[in-house]
Amino acid sequence: MPEDIDGGYGELVRLAYLVLPGRQKRIYRLAMARRIVDQTLPRRAGRAAGSGSARIRTRVLRRAIGPSWRLRVMLGPWLRALPPRLPDPALTVALARLDPAARAAYVLTRVESRPRHQTRDQLVAAGVRNARAALEAADAVPDVTPPGLDSIVGPAVRRRSRLPIAAATALTVVLSCGLVMTRTDGAAGPEAHRPRLTMAADGAWKTAPHSLDVWPARGELTRDPAFTARALAAWARQTGNRHDPQLLFAGQVGGSAVALLRQGDRISRYGGARGAVEVFPAGDASSPLALGQGRYLLAPWTTRVTETKSDTAVTDHDGVTDAVKAAGDCGRGPLLRLRQPDGTRTAADLGGLALADIVARPESGATGAGTSGVRLWERLACVLPAPAHAASSATAWEFWSGLLPGGTRGRLICTRYAYPGGGTTAYGTLLTGTDKAYAAGDCGPQSDGAVSGTWWRSAGRWYYVAAASKGLTPQVAGPSGRPRVRGRLLVVRAGTGAGTGASPPEGAVVVAAVPRA
């Protein structure tokens, strides 16, 4: 009788997984390992075949030591069949520096506890020319706990005849090359064109100008024609567009399959349980794109990413970051610092697909969001209203600082959201101390100046305070009381009664600014 089905199958998959090249992502290695074993076991016996058979083990080992590029073609069925938990990467990281034969020697002797003479014979049978050198290299590696079988075992993928696989492979090649088929008879026309996916050539971004046109398609499902066809069909239904979209990403994101398709200045995100399609402005070509679950697709020329709050590096896998937490308790998206060839930039997730550039500047001119700018944005993020729609940038600057009624030092900040295609909105914020922030309404449409105001309470009395940029004088209409102007700060002390309540006086207040005389 055959040995335990799950144990024998899992041991073969673990053997292939640990011997495959360690530079590949875990999700790829495990899918390829499962494919090697599924295609090696006799079809009539399935996964219960003689897993302990030396011949089967040798075939699995030989294919893992020298994997063919064909293993990655049509890998989708094995990717979708992966178990929910991936193996711990510690051992594959430790073995990554070894050549395949040494990795195989380590697995056979240290993971499977096979005698050295059996290991040597197994390596020779698998085609290793210098089994002794492989054993010596494996001996130099410290012991690392191997992954358990529970994170490897899963349902075997039912194998079909080679004909549909060959046809699907041909279709994949057509899709990946981005071929556009046109009709030459008299019936040709826009209504007759069926959209097809296009992809940028690998490495095109290294020599061509940096734009979305040269973003390569990334993700483990880019070669899965079934999934990409569903994404394309959903995109066509949602947009009604008959042009050929560019595939930017197709892969697993936090357990969900996600695709990004781009056409012109719009990018569609497809995925989720219902396969919904969301359409967003494309944004700047260097901006990360939100995949969901706190993960982002980076421009291929981004060399380093750090999360600004903790100043820790964010690992990326084939251009996709690990999950990044929101920047603050209010749930606003994270703030990332990106190192790119043209310098360092700071970007925030403001709810759109493309992250928005964050800029902090003094009144004298614009600068990038350095350390002080990052601290400023972290204070503003939870007070500012969310942008009306996806913003391409958010620029914050201090336009007044001084003493408020009661002697508290305050700062007025104007933050202006800019939107793709034009248009802006601007909001004022009053900052006091190290942790207090108050919304101060619209800070004006001026591109070179700002004015805003808000109610301020001191010693049990309410004051309306407003300030303007240099060269401007604030004016207010609405609050009762006599305004007093001290430099660029206007103060209106509320009248008795309403001015001493727990809440600020009611009624609209209009703030404006005029050039200083």
Is there a side-chain contact between Tyr417 and Leu384 (heavy atoms, below 4.5 Å)? yes
List the atom pairs, with distances to 0.1 Å, where a side-chain N or O of residues 402-414 and a protein N or O form a donor-acceptor pair under 3.5 Å, not counting sequence neighbours.
residue, atom, partner, partner atom, Å
Arg411, NE, Glu398, OE1, 2.6
Arg411, NH2, Glu398, OE1, 3.1

Any donor-acceptor pair under 3.5 Å from Ser392 side chain to Ala356 backbone: no
Return yes if some donor-acceptor pair links the side-chain N/O of Thr321 with the main-chain N/O of Tyr296 below 3.5 Å, else return no. yes
Please report whether the ring centroid of Trp455 lies less than 6.0 Å from that of Tyr464. yes
If you apply the rule side chain to side chain contact (heavy atoms under 4.5 Å, CB included), what do you find for Leu261 with Phe249, and how did you get there? CA-CA 7 Å; Leu261 278 65; Phe249 176 82; over 6 Å; no
Restricting to non-hydrogen atoms, name the atom on Asp244 and the atom on Arg194 that form the minimum distance, rounded to 0.1 Å. OD1-O, 4.2 Å
Counting N and O atoms only, with roles assigned by atom type, does the side chain of Thr429 sit under 3.5 Å from a partner on the main chain of Leu380, one being a donor and the other an acceptor? no
Is it true that a side-chain atom of Arg488 and a backbone atom of Ser401 form a donor plus acceptor pair closer than 3.5 Å? no
Residues Leu336 and Glu307: closest non-hydrogen pair is CD2-CA, 4.2 Å
Pair His210-Asp342, side-chain donor/acceptor within less than 3.5 Å: no
Decide yes or no on salt bridge (Lys or Arg N to Asp or Glu O under 4.0 Å) for Arg230 and Asp224, but give the supporting numbers first. CA-CA 10 Å; Arg230 291 196 301 272; Asp224 182 350; 5.8 Å; no
Closest approach of Ser287 and Arg345, non-hydrogen atoms and distance? OG-NH2, 3.6 Å
Salt bridge (Lys or Arg N to Asp or Glu O under 4.0 Å) evaluation trace for Arg295 with Asp322: CA-CA 6 Å; Arg295 292 174 171 83; Asp322 283 338; 5.6 Å; no
Does atom CG (Asp202) have a neighbourhood of more than 12 heavy atoms from anything else shown, all under 6.0 Å? no
Verify side chain to side chain contact (heavy atoms under 4.5 Å, CB included) between Trp377 and Leu335, making sure each step is shown before the conclusion. CA-CA 9 Å; Trp377 179 258; Leu335 198 62; 3.6 Å; yes
Return the minimal non-hydrogen interatomic distance between Leu20 and Ala33, and the atom names on each side. CD1-N, 3.7 Å
Between CZ of Arg457 and CH2 of Trp462, what distance do you get to the nearest 0.5 Å? 6.0 Å
Do the side chain of Arg379 and the main chain of Ala381 share a donor and acceptor less than 3.5 angstrom apart? no
Run Thr306 and Val314 through side chain to side chain contact (heavy atoms under 4.5 Å, CB included) and show every step you take. CA-CA 5 Å; Thr306 54; Val314 177; 5.8 Å; no
Tell me whether Thr198 contacts the main-chain N or O of Pro245 through its side chain, where contact means a donor paired with an acceptor under 3.5 Å. yes
Less than 4.5 Å apart, any side-chain heavy atom of Leu221 and any of Thr228? no
Nearest heavy-atom contact between Ala347 and Ile358 is C-CG1, 4.2 Å
Using 30° and 60° as the class boundaries, would you call the ring planes of Trp301 and Trp215 parallel, tilted or perpendicular? perpendicular
So, does Glu220 use its side chain to make a donor-acceptor pair with the main chain of Gln252 at under 3.5 Å? yes
With a 3.5 Å distance limit and no angle check, can you tell me whether Thr303 reaches the backbone of Arg339 through a side-chain donor-acceptor pair? yes
So, do Trp400 and Lys470 sit near enough that their side-chain heavy atoms are less than 4.5 Å apart? no
Report yes if the side chains of Val279 and Gln238 come closer than 4.5 Å at any heavy-atom pair, otherwise no. yes
Begin with the C-alpha distance, continue with both residues' side-chain angles, and end with the deciding distance and a verdict on side chain to side chain donor-acceptor pair (under 3.5 Å) for Thr425 and Tyr419. CA-CA 9 Å; Thr425 54; Tyr419 302 104; 2.8 Å; yes
Are the side chains of Ser452 and Phe399 in contact, using a 4.5 Å heavy-atom criterion? yes
Which heavy atom in Ala282 sits nearest to a heavy atom in Ala354, and how many Å separate them? O-CB, 3.6 Å
With heavy-atom distances below 4.5 Å as the criterion, would you say the side chains of Thr239 and Ser268 are in contact? yes
Side-chain donor/acceptor of Arg242 to backbone N/O of Gly240, under 3.5 Å: no
Is there a donor-acceptor pair under 3.5 Å between the side chain of Asp349 and the backbone N or O of Pro334? no
Evaluate the side-chain proximity of Phe280 to Arg269: yes if any heavy-atom separation is below 4.5 Å, no if none is. yes
Angle between ring planes, Tyr438 versus Trp456, binned at 30° and 60°: parallel, tilted or perpendicular? perpendicular
Interatomic spacing from CH2 in Trp78 to OH in Tyr28 - rounded to 0.5 Å: 15.0 Å
Any luck finding a side-chain donor-acceptor pair between Thr302 and Gln340 under 3.5 Å? yes
Side chains of Leu260 and Leu289, heavy atoms from C-beta outward: is any pair under 4.5 Å? yes
For side chain to side chain contact (heavy atoms under 4.5 Å, CB included), just list the numbers for Leu431 and Val383, CA-CA rounded to whole Å, side-chain angles, deciding distance to a tenth of an Å, and then say yes or no. CA-CA 10 Å; Leu431 303 180; Val383 179; over 6 Å; no
